[in-house]
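Here the structure is a predicted model, which means the values were calculated and not measured.
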Amino acid sequence: MVLQIPIDPNPVDSLIWGFHQSGIITINSAYHLASAAANVTSPSSSDPNPFKIWWKTLWTLPIPPKIKHFTWKAFNHNLPCALNLFHKKILNEPFCHFCGGDPESVTHVLIDCTRARRVWKHSKFKNFHNDHRRVYIKEFYLQGIHLIPKEDLPLFVRSIWHIWNTRNSILFQKSYVSNNVEEYVINYLQEYKEAQKIHAAADSVATSHQQSFSSQSSVPCIIQEDTPALSVDAALDHDNCVTGLGFVFKIGLHRVVTSTKIHKPGASTPIFAESQAHLDGLAWCLSSQLKLEFMFTDCLNLVSKVNGHWKDQSTLSSLVLKIRHSFSNFPDASLKYFPRQFNANAHSLAKEAIRLREED
């Protein structure tokens, strides 16, 4: 493991910001670090740690986004109920329109109002409501995720949203809504699921056509029949600490001029292996006196780093600088991203290099 640590003796020592992949301090990374440090001692509803399971479950529920947004507002007591509007001096009194004497807080309107209790009484969550009707809405949600079966959580969350909607409908539109909302909610969720399936099917077809068009036209279009190009790839074998590198030099898309494969000591991460493939591939072209117009790789992250001009002090920065310097030997060459399906030959050679090393 010590031998796998990437060390470059050439650059001078410098301070590295360990909370961003570039090694450079950014306002964004510093803000998140400071927020995390503050939340260690004073967690709040915006701190993801105490409620991580709850929020993760909520955002993955098969319910419409507007219900998730409503749930977030209810959880944080941000609904425009009478009590909140009274505090904002919008209403003259904070009392519930249905109960009369009780202030209408978010907890009251969704759990303890007489109208809300009638709805809970006719739902499958009757017993849960009876056991938890005296807690705040936040605790009500949190207990729900632990005690209600996962398959019933969409119905549970949707029922609370429906209680709020029926409250508004009665209060502002003077329309009557049945207390037995379970059937209505189930039908609503079923319609939503069916609509999602239709949209997913349509998106799948569109994506398939787009990928097919992209893979068949967008990349090859820059390669002419006489274009000299190098494809590189790397493969890692962590168990045996081996890196395999594969290089394929072509004229056009299909005419292979020459190729080679080599193995080296294992890199610490895949992107370090890919970087070594780029560096050695350029050196191979230089020693073989191969004219180069394009170098292709399926490592998009590395393409972004090599082609970018921003300052970088990460552990990868030294290799990136060496790759940029090596490109100066090929003034007309450029590095391009190549989808994996077009890079199969180089990938196979990299894998074969590992196998040959294992046989040795």
Side-chain angles (χ1 to χ4, degrees), residues 35 38-61 63-172 177 179 181-182 185:
S35 297
N39 287 329
V40 169
T41 55
S42 57
S44 66
S45 59
S46 62
D47 177 22
N49 294 322
F51 311 116
K52 183 176 181 180
I53 298 177
W54 159 248
W55 291 121
K56 183 177 180 180
T57 302
L58 174 65
W59 302 134
T60 56
L61 288 179
I63 57 177
K66 64 179 180 181
I67 298 181
K68 296 177 182 179
H69 182 242
F70 161 82
T71 303
W72 178 83
K73 293 181 71 174
F75 190 88
N76 290 286
H77 298 267
N78 284 335
L79 297 179
C81 57
L83 183 61
N84 285 344
L85 295 176
F86 174 76
H87 288 318
K88 294 177 182 290
K89 302 186 183 302
I90 297 175
L91 293 182
N92 294 325
E93 55 183 25
F95 303 114
C96 177
H97 177 80
F98 302 94
C99 300
D102 297 320
E104 190 191 49
S105 64
V106 174
T107 298
H108 175 84
V109 72
L110 298 178
I111 302 176
D112 204 36
C113 177
T114 54
R115 180 195 53 80
R117 276 184 282 173
R118 285 196 297 269
V119 174
W120 288 114
K121 182 179 179 181
H122 292 85
S123 76
K124 68 187 303 180
F125 309 111
K126 175 182 176 181
N127 293 333
F128 175 83
H129 176 261
N130 288 337
D131 294 338
H132 300 89
R133 58 180 289 255
R134 299 195 180 280
V135 301
Y136 286 109
I137 185 63
K138 183 178 294 187
E139 185 66 21
F140 193 74
Y141 276 123
L142 293 176
Q143 289 298 322
I145 199 175
H146 293 297
L147 301 177
I148 294 175
K150 188 174 182 179
E151 61 271 17
D152 289 335
L153 283 176
L155 179 61
F156 174 71
V157 173
R158 173 65 176 81
S159 297
I160 298 176
W161 180 78
H162 187 76
I163 289 173
W164 175 254
N165 267 13
T166 55
R167 175 260 190 194
N168 293 338
S169 180
I170 296 172
L171 191 59
F172 301 112
V177 182
N179 290 329
V181 301
E182 188 166 325
V185 173

K.L.:
Tell me whether the centres of the aromatic rings in F95 and F86 are closer together than 6.0 Å.
P.N.:
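No, ring centres 6.0 Å or more apart.
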K.L.:
Heavy atoms, side chains only, cut-off 4.5 Å: are H146 and W54 in contact?
P.N.:
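No; the side chains remain at least 4.5 Å from each other.
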K.L.:
Could you tell me whether the side chain of H132 and the main chain of F128 form a donor-acceptor pair under 3.5 Å?
P.N.:
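A pair under 3.5 Å: yes.
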K.L.:
Nearest 0.5 Å please: distance from the NZ atom of K150 over to the OG1 atom of T57.
P.N.:
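Going from NZ on K150 over to OG1 on T57, the span is 6.5 Å.
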K.L.:
Would you say that more than 12 heavy atoms from the other residues, nucleotides or ligands in this model lie under 6.0 Å from the OH of Y136, or not?
P.N.:
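Count not over threshold, so no.
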K.L.:
Return the orientation label for the F75 and Y141 ring planes: parallel under 30°, perpendicular over 60°, tilted otherwise.
P.N.:
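Because their plane-to-plane angle lies in the 30° to 60° range, the rings of F75 and Y141 count as tilted.
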K.L.:
I163 and A116: which non-hydrogen atoms are nearest, and at how many Å?
P.N.:
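Here I163 and A116 meet closest at CG2-CB, 4.0 Å.
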K.L.:
Between R115 and T166, is any pair of side-chain heavy atoms under 4.5 Å apart?
P.N.:
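Touching, per the 4.5 Å side-chain cut-off.
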K.L.:
Do you know which two heavy atoms are closest between I111 and R117, and how far apart they sit?
P.N.:
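Looks like O-CG, 3.7 Å.
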K.L.:
Show the nearest heavy-atom pair for residues D112 and R133, with the distance to one decimal.
P.N.:
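Reported closest heavy-atom pair: OD1-NH2, 2.5 Å.
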K.L.:
Keeping N84 on the side-chain end and P80 on the backbone end, is there a donor-acceptor pair under 3.5 Å?
P.N.:
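It does not hold such a pair.
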K.L.:
Can you tell me how far apart CG (L91) and CD (E104) are? Round to the nearest 0.5 Å.
P.N.:
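It comes to 9.0 Å.
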K.L.:
Determine whether a donor-acceptor pair (N or O, by modelled atom type, separation under 3.5 Å) exists between the side chain of S169 and the backbone of N165.
P.N.:
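Not at all, since once roles are kept as given, no pair shorter than 3.5 Å links the two residues.
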K.L.:
So which heavy atom on H108 is nearest to which on C99, and how close?
P.N.:
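Shortest heavy-atom contact: NE2-SG, 3.4 Å.
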K.L.:
For a 4.5 angstrom cut-off between non-hydrogen side-chain atoms, does S159 reach S123?
P.N.:
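Not in contact.
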K.L.:
Could you check whether atom CZ of R134 has more than 12 heavy atoms from other residues, nucleotides or ligands sitting under 6.0 Å from it?
P.N.:
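Counting neighbours around CZ of R134, 12 or fewer heavy atoms of other residues, nucleotides or ligands fall under 6.0 Å, so no.
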K.L.:
Atom NE2 of H162 and atom CZ of F70: how far apart are they, to the nearest 0.5 Å?
P.N.:
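Separation between the atoms: 11.5 Å.
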K.L.:
Is there a donor-acceptor pair closer than 3.5 Å between any side-chain N or O of K68 and the backbone N or O of W59?
P.N.:
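At least one qualifying donor-acceptor pair exists.
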K.L.:
State, with a plain yes or no, whether a side-chain heavy atom of L155 is found less than 4.5 Å away from one of K124.
P.N.:
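Side chain of L155 against side chain of K124, heavy atoms only: contact under 4.5 Å found.
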K.L.:
What distance do L58 atom CG and K56 atom NZ have between them, rounded to the nearest 0.5 Å?
P.N.:
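Rounded to the nearest 0.5 Å, the CG-NZ separation comes to 13.5 Å.
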K.L.:
Over all heavy atoms of both residues, which pair between G144 and L153 is shortest? Give the atoms and the distance, please.
P.N.:
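Result for this residue pair: O-CD2, 3.7 Å.
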K.L.:
Hey, which of I67, L110, T71 is the one that makes side-chain contact (heavy atoms from CB on, under 4.5 Å) with I160?
P.N.:
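Considering I67, L110, T71, a side-chain contact (heavy atoms from CB on, under 4.5 Å) with I160 is found only for L110.
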K.L.:
Once you round to the nearest 0.5 Å, how far does CZ of F172 lie from CZ of R167?
P.N.:
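Here the interatomic distance stands at 5.0 Å.
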K.L.:
In Å and rounded to the nearest 0.5 Å, what is the CH2 to NZ distance from W161 to K73?
P.N.:
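One gets 13.0 Å once the value is rounded to the nearest 0.5 Å.
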K.L.:
Identify the heavy atoms of L83 and P94 that sit nearest to each other, and give their distance.
P.N.:
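Smallest heavy-atom distance, with atoms named: CD1-CB, 3.6 Å.
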